[in-house]
Amino acid sequence: MLLCIPKLLNEDQLAAVRGSLDDARAPWVDGRATAGFQGAPVKHNQQIDEASATARELGNVIVAELERNALFISAILPHRVYPPMFNRYGEGMQFGTHVDGAVRMIPGTGQKLRTDLSATLFLAPPESYEGGELTIDNDFGRETVKLAAGDMIVYTSTSRHRVSPVTRGVRVAGVFWIQSLIRDDMKREQLFELDRTIQKLTELKSDSESLVRLAGHYHALLRLWTEF
């Protein structure tokens with residue numbers, strides 16, 4: 001899966017988030033603080049201290065918008081969302097090729113999260129920095145992503161990916177992981193396509209009885225495939 005969710009944050013929200021992150025008192029730390037054994041040698045960035053009030057407050061803003069975003073809910077079918085982390089890359093910083101860990105402990109809860117999907121929310125205008133592209137490799141090819149501020153990309157966590165070196169300006173983003181109700185990518189995509197078909201047929205005011213039957217089929221599959 002590779003899904004772009006445009007304008008997750010509006011301009012006012014984006015300005016508020018950036019205002020907090022750009023504050024001279026913002027608790028930036030070495031990004032390797034949260035890197036695993038594989039990622040630490042190739043991770044060269046900064047991030048907001050996960051335990052800080054800043055991280056919690058800004059993370060809550062993003063999670064609230066995710067809960068209201070119909071595209072995110074339909075495509076991802078989220079079960080748990082890891083509290084968003086915030087990173088920045090100045091000139092010369094990068095994150096080499098790596099694969100996200102399969103399981104993460106949610107800080108302060110004792111709960112574990114299976115990382116089915118990874119998300120990057122871009123928080124800096126693309127023209128404000130050079131380099132810093134997110135490159136995602138999978139068995140079907142390579143995608144290079146650099147989105148507008150406020151837009152988000154979601155991709156399968158098993159993908160190899162990297163952030164290229166920043167050569168000018170500062171790249172700022174939020175990152176997090178999602179455990180879906182549906183572990184299998186193909187099953188999740190089938191449900192997404194079925195849900196979109198139901199929504200389109202509803203807009204076209206198609207036969208109501210047929211729509212009810214189709215919706216029943218969707219929920220039967222969701223019930224069959226859901227994992228908690």
Show your reasoning for whether side-chain hydrogen bond (donor to acceptor under 3.5 Å, both in side chains) applies to Arg188 and Ser180.
CA-CA 9 Å; Arg188 193 186 319 113; Ser180 175; 3.3 Å; yes

Is any side-chain heavy atom of [X] less than 4.5 Å from a side-chain heavy atom of [Y]?
| X | Y | value |
| --- | --- | --- |
| His161 | Ile136 | yes |
| Ile76 | Met1 | yes |
| Val172 | Phe86 | no |
| Leu9 | Leu121 | yes |
| Glu133 | Val163 | no |
| Arg171 | Arg88 | no |
| Tyr129 | Val170 | no |
| Leu134 | Ile153 | yes |

What heavy-atom pair brings [X] and [Y] nearest, and what distance separates the two atoms?
| X | Y | value |
| --- | --- | --- |
| Thr120 | Ala173 | CG2-CB, 4.1 Å |
| Thr115 | Gly101 | OG1-O, 2.6 Å |
| Tyr82 | Phe176 | O-CB, 3.4 Å |

Consider only side-chain N and O atoms of Gln47 and Thr34, and report whether a donor and an acceptor are under 3.5 Å apart.
yes

Assess whether atom NZ of Lys7 is packed by more than 12 heavy atoms of other residues, nucleotides or ligands within 6.0 Å.
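No, because the 6.0 Å sphere around NZ of Lys7 holds 12 heavy atoms or fewer from other groups.
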
Identified side-chain contact (heavy atoms from CB on, under 4.5 Å) partner of Trp225 from the options Leu181, Leu77, Asp184, Ile182
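Testing Trp225 for a side-chain contact (heavy atoms from CB on, under 4.5 Å) against Leu181, Leu77, Asp184, Ile182 leaves exactly one candidate, Ile182.
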
Lys43 and Asp30: salt bridge (charged side-chain N to carboxylate O under 4.0 Å, His left out), yes or no, with the steps?
CA-CA 9 Å; Lys43 186 177 185 181; Asp30 190 322; over 6 Å; no

Does the separation of the ring centres of Phe95 and His44 fall below 6.0 angstrom?
no

Is Lys187 close enough and on-axis enough to Phe192, meaning under 6.0 Å and within 45°, for cation-pi?
no

Qualifying residues under salt bridge (charged side-chain N to carboxylate O under 4.0 Å, His left out), relative to Glu127, sequence neighbours excluded:
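Salt bridge (charged side-chain N to carboxylate O under 4.0 Å, His left out) check on Glu127 returns nothing, list empty.
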
